[in-house]
Amino acid sequence: MEVAVLNIQGKETGRKVTLSDAVFGIEPNNHVVYLDVKRYLANKRQGTHKAKERNEVAGSTRKIKKQKGTGTARAGSVKSPVFVGGGRIFGPRPKDYTQKLTKNVKRLARRSALSAKVQNQALVVVEDLNFDAPKTKDFTAVVKSLGLENKKSLFVLPNTNNNVYLSSRNVPTSSVVTASELNTYQLVNASNVVLTESSVAVLESILTK
């Protein structure tokens with residue numbers, strides 16, 4: 001399919017770019033998208049949660065009262081979980097939440113997310129961005145000209161561009177990522193995706209391997 005290339009003023013340049021149907025025109029597989037988003041969020045968890053158990057709580061191990069004759073339950077230690085300040089029963093322990101998916105599944109998830117954006121008319125292609133210096137007002141001008149001021153937008157670049165990245169860093173509704181680092185969660189989390197003209201070929205080469 002052919003898509004018009006816009007300039008940074010949001011006007012058509014007269015050029016068109018052809019989007020590969022194998023990447024941008026497939027039937028989205030929602031379950032695979034779900035699996036990849038779940039993997040991404042799970043892998044961000046530190047898993048360092050920990051509560052002190054009975055053998056880790058500071059306190060005396062002296063038997064606090066005699067075994068029989070008190071008319072109450074037996075008690076052997078102030079560290080017992082039934083007492084205030086005692087250890088926690090079955091508390092959280094450090095855990096590795098890492099999940100893995102095959103490369104083909106992750107590629108399919110990204111292709112599905114990109115195709116869904118195309119179907120929902122939430123993907124545009126603009127000419128390559130190149131700022132002389134990192135200035136937030138230059139980036140916000142591009143965002144405004146594309147009509148994305150109050151929308152979550154994701155800009156995809158062909159490679160690292162510090163001036164563009166630094167210009168976008170103070171814009172809370174927009175984020176910038178390179179094509180090689182693009183993941184499914186970022187695509188799903190954004191309302192609109194903005195591809196630079198050169199990033200289209202990079203994405204297609206990565207996602208059609």
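Please read these numbers as outputs of a predicted model, since none were measured by experiment.
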Donor-acceptor pair, side chain of [X] and main chain of [Y], under 3.5 angstrom:
X: Thr178; Y: Asn159; result: no
X: Ser115; Y: Ile26; result: yes
X: Asn7; Y: Lys11; result: yes
X: Asn43; Y: Gln99; result: yes
X: Thr13; Y: Val5; result: yes
X: Asn120; Y: Ala122; result: no
X: Asp128; Y: Ser198; result: yes
X: Arg15; Y: Ala4; result: no
X: Ser145; Y: Val142; result: yes
X: Glu204; Y: Ser20; result: yes

Item to complete: Would you please test Thr18 and Met1 for side chain to side chain contact (heavy atoms under 4.5 Å, CB included) and show each step?
Response: CA-CA 6 Å; Thr18 301; Met1 76 187 74; over 6 Å; no
Quick check: do [X] and [Y] have side-chain heavy atoms less than 4.5 Å from each other?
X: Val194; Y: Val156; result: no
X: Thr136; Y: Thr140; result: yes
X: Gln186; Y: Val193; result: no
X: Val164; Y: Ser167; result: no
X: Asn170; Y: Phe139; result: no
X: Ser77; Y: Arg54; result: yes
X: Leu146; Y: Phe155; result: yes
X: Ile206; Y: Leu182; result: no

Drop me the distance from [X]'s [atom1] to [Y]'s [atom2], to the nearest 0.5 angstrom.
X: Thr173; Y: Asn192; atom1: OG1; atom2: CG; answer: 10.5 Å
X: Glu149; Y: Ser174; atom1: CD; atom2: OG; answer: 10.0 Å
X: Leu6; Y: Glu197; atom1: CG; atom2: CD; answer: 10.5 Å
X: Leu114; Y: Leu207; atom1: CG; atom2: CG; answer: 6.5 Å
X: Phe90; Y: Glu53; atom1: CZ; atom2: CD; answer: 9.0 Å
X: Ile64; Y: Arg62; atom1: CD1; atom2: CZ; answer: 7.5 Å

Fill in: Chi angles and distances behind the side chain to side chain contact (heavy atoms under 4.5 Å, CB included) call for Asp36, Val105
CA-CA 8 Å; Asp36 200 23; Val105 171; 6.0 Å; no
Between [Y] and [X], is there a side-chain donor-acceptor contact under 3.5 Å, judged purely by atom types and distance?
X: Asp96; Y: Thr98; answer: yes
X: Lys152; Y: Asn189; answer: yes
X: Thr72; Y: Lys65; answer: yes

Hydrophobic clustering (ILVMFWY, side-chain heavy atoms < 4.5 Å, transitive) - are [Y] and [X] grouped together?
X: Tyr34; Y: Leu108; result: yes
X: Val188; Y: Leu195; result: no
X: Leu203; Y: Val118; result: yes
X: Leu187; Y: Leu148; result: no
X: Val202; Y: Val200; result: yes

Exercise: identify the closest heavy-atom pair between [X] and [Y]:
X: Ser175; Y: Leu154; result: OG-CD1, 3.3 Å
X: Thr184; Y: Lys106; result: OG1-O, 4.3 Å
X: Asn162; Y: Thr160; result: OD1-CG2, 3.9 Å
X: Asn163; Y: Phe131; result: ND2-O, 2.9 Å
X: Val57; Y: Gly86; result: CG2-C, 3.9 Å
X: Arg88; Y: Ala51; result: CD-CB, 3.9 Å

Has [X] got more than 12 heavy atoms of other residues, nucleotides or ligands less than 6.0 Å from its [atom1]?
X: Tyr165; atom1: OH; value: no
X: Lys135; atom1: NZ; value: no
X: Asp132; atom1: CG; value: no
X: Glu2; atom1: CD; value: yes
X: Asp21; atom1: CG; value: yes
X: Lys63; atom1: NZ; value: yes

Discussion item. Between Val177 and Leu157, does the side chain to side chain contact (heavy atoms under 4.5 Å, CB included) criterion hold? Intermediate values first, please.
Written reply: CA-CA 6 Å; Val177 65; Leu157 308 179; over 6 Å; no
Discussion item. Please determine whether side chain to side chain contact (heavy atoms under 4.5 Å, CB included) holds for the pair Phe24 and Val3, giving the CA-CA distance in whole Å, both sets of side-chain angles, and the decisive distance to 0.1 Å.
Written reply: CA-CA 11 Å; Phe24 299 92; Val3 176; over 6 Å; no
Fill in: Salt bridge Glu56-Lys79, side-chain N to carboxylate O under 4.0 Å
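Salt bridge flag = no for Lys79 with Glu56.
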